[in-house]
Protein chains: 2
Amino acid sequence: MDAVDTHILNILRDNARISNAELARTVGMAPSAVLERVRKLERKGVIERYEARINPKEVGLSLTAFTFVHVEEGVGTLDTGQKLAALPEVLEAHYTAGSASYLLKLRVSDTEGLAQLLQRIGRIEGVRDTNSTIVLRTLKETSAPAVVETP
Amino acid sequence: MDAVDTHILNILRDNARISNAELARTVGMAPSAVLERVRKLERKGVIERYEARINPKEVGLSLTAFTFVHVEEGVGTLDTGQKLAALPEVLEAHYTAGSASYLLKLRVSDTEGLAQLLQRIGRIEGVRDTNSTIVLRTLKETSAPAVVETP
DNA sequence: CATGAAAGTCATCACGA
DNA sequence: TCGTGATGACTTTCATG
């Protein structure tokens, strides 16, 4: 992980569909050398995947919410998390510190969709209660900050 | 937005670096036609951008936290949000319902990094207090669910 | 690790249906 | 909107510094 690698990461982070040739020109190296670095970053798991960001409103998902899910502590806690994560409306599922809880990021069509989803969540085994925060406006939404060299 | 468009979106959502030729083969159309559809989806803003997902731990960001920031209500509320969103450690900034607050998704190196960031946040004009939840384990982290046809 | 050459593949455009 | 065909650019591999 040298300066060239971080440069490559920062470019791909913002523009995953750039051609390898242009990427090479930008970092000032031969395309073959750059391709090898990218492959290595992929193999090492530094680059997890390439994804297109889709405007949620354009595909009928106008409502974003964050929901804390309080689960009964014990053996089944992780199972409950897996079931929560398996729901398509759940974009993110984090197991958090504090009283055995999950924090979910949800995307649904509207408040009616949220109500139905919360009902479904409430019926999952191990779920005690939920506490939702509705997003009124999103000011920033990225997946990673600029990469800095880490020796 | 027909079935072909949603098919294209679902493919690019999971693999933004697929070649247009292969994309065309997958959806069963000529490359030129598919390219035109993709360009149109980009122009309409349905596809916002293409990004590489970088493993945060591999670049020295091992700690994820969600932080509610309580701000003083009034004229400067939005300004405060902009300042919060401008911090590189802030991956997401959402203005939420409930007592004038922002919800931030943060990524830092460790608890020391979090402490320093919270101090910086606390000094931003208009910020009253913060309330953080630390992520112990992330079970799922995507940017969008499978796209379904929306007429 | 990087380069440069070579072969196959692809992006892109004009045109006709 | 779509498919075809042409062309220049690109990807990918490999032999070699």
Side-chain angles (χ1 to χ4, degrees), chain A residues 1-61 142-144 146-151, chain B residues 1-61 143-151:
Chain A
M1 282 280 299
D2 58 7
V4 177
D5 281 340
T6 61
H7 195 179
I8 289 173
L9 286 176
N10 279 319
I11 292 167
L12 288 175
R13 182 177 57 94
D14 289 331
N15 181 13
R17 259 180 100 73
I18 190 177
S19 75
N20 183 64
E22 198 181 335
L23 182 59
R25 276 193 295 271
T26 310
V27 302
M29 288 190 354
S32 52
V34 172
L35 185 62
E36 197 175 322
R37 278 173 178 267
V38 172
R39 294 275 180 266
K40 192 168 290 181
L41 289 168
E42 291 170 356
R43 252 184 288 119
K44 285 206 306 175
V46 179
I47 298 174
E48 292 179 339
R49 44 198 271 263
Y50 304 97
E51 57 182 38
R53 256 205 196 256
I54 294 165
N55 188 329
K57 289 187 184 161
E58 293 283 347
V59 293
L61 298 172
T142 59
S143 69
V147 179
V148 292
E149 217 169 330
T150 50
Chain B
M1 281 280 300
D2 58 5
V4 177
D5 281 338
T6 63
H7 195 180
I8 289 173
L9 287 177
N10 279 319
I11 293 167
L12 288 176
R13 183 177 56 93
D14 289 330
N15 181 13
R17 259 179 99 73
I18 189 175
S19 75
N20 182 66
E22 197 181 336
L23 182 59
R25 277 193 293 272
T26 310
V27 303
M29 286 189 358
S32 56
V34 171
L35 186 63
E36 198 173 323
R37 277 174 178 265
V38 171
R39 294 278 179 263
K40 193 168 289 182
L41 288 168
E42 291 171 355
R43 248 183 292 118
K44 285 206 306 173
V46 179
I47 297 174
E48 291 179 340
R49 43 198 266 262
Y50 303 97
E51 57 182 39
R53 252 201 201 260
I54 293 164
N55 189 330
K57 287 185 186 163
E58 294 283 347
V59 293
L61 297 173
S143 69
V147 179
V148 293
E149 218 168 330
T150 48

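Lettering follows sequence order; numbering is per chain, from 1. None of these values were measured; they are calculated from a predicted model.
- Contact check for B/Leu41 versus B/Leu12: no side-chain heavy atoms found under the 4.5 Å cut-off.
- Between the CZ atom of A/Arg17 and the P atom of D/dC10 there is a distance of 15 Å, given to the nearest Å.
- If you measure from atom CG of B/Asn20 to atom C1' of D/dT11, you get 15 Å, rounded to the nearest angstrom.
- At the heavy-atom level, B/Arg39 lies under 4.0 Å from the strands shown only through sugar-phosphate atoms.
- Atom pair B/Leu35:CG and D/dT4:P shows a separation of 16 Å (rounding to whole Å applied).
- Among the atoms of the strands shown, base atoms are found under 4.0 Å from some heavy atom of A/Ser32.
- A salt bridge links B/Glu42 with B/Arg39; the closest basic N to acidic carboxylate O contact falls under 4.0 Å.
- To the nearest angstrom, P of D/dT11 lies 15 Å from CD1 of B/Ile18.
- Side-chain proximity of B/Ser19 to C/dA11, D/dT11, D/dC2: nearest is C/dA11.
- Within the 4.0 angstrom heavy-atom criterion, only backbone atoms of the sugar-phosphate kind lie near B/Ala21; the bases stay farther away.
- The interatomic distance linking A/Leu23 (CG) with C/dA2 (C1') rounds to 15 Å, in whole Å.
- Residue contacts for A/Lys40: at a heavy-atom cut-off of 4.0 Å it reaches no nucleic acid atom on any strand shown.
- Residues B/Asp5 and B/Val46 fail the side-chain proximity criterion, which asks for heavy atoms closer than 4.5 Å.
- Dashed line: the shortest gap from a side-chain N or O of B/Arg25 to OP1 or OP2 of C/dC10 is under 4.0 Å.
- A sub-4.0 Å separation between OP1 or OP2 of C/dA2 and a side-chain N or O of A/Arg37 is present.
- At a threshold of 4.5 Å between non-hydrogen side-chain atoms, the residues B/Arg25 and B/Ile18 do not count as touching.
- In this entry the distance linking CD of B/Glu36 with P of C/dC10 reads 20 Å, nearest Å.
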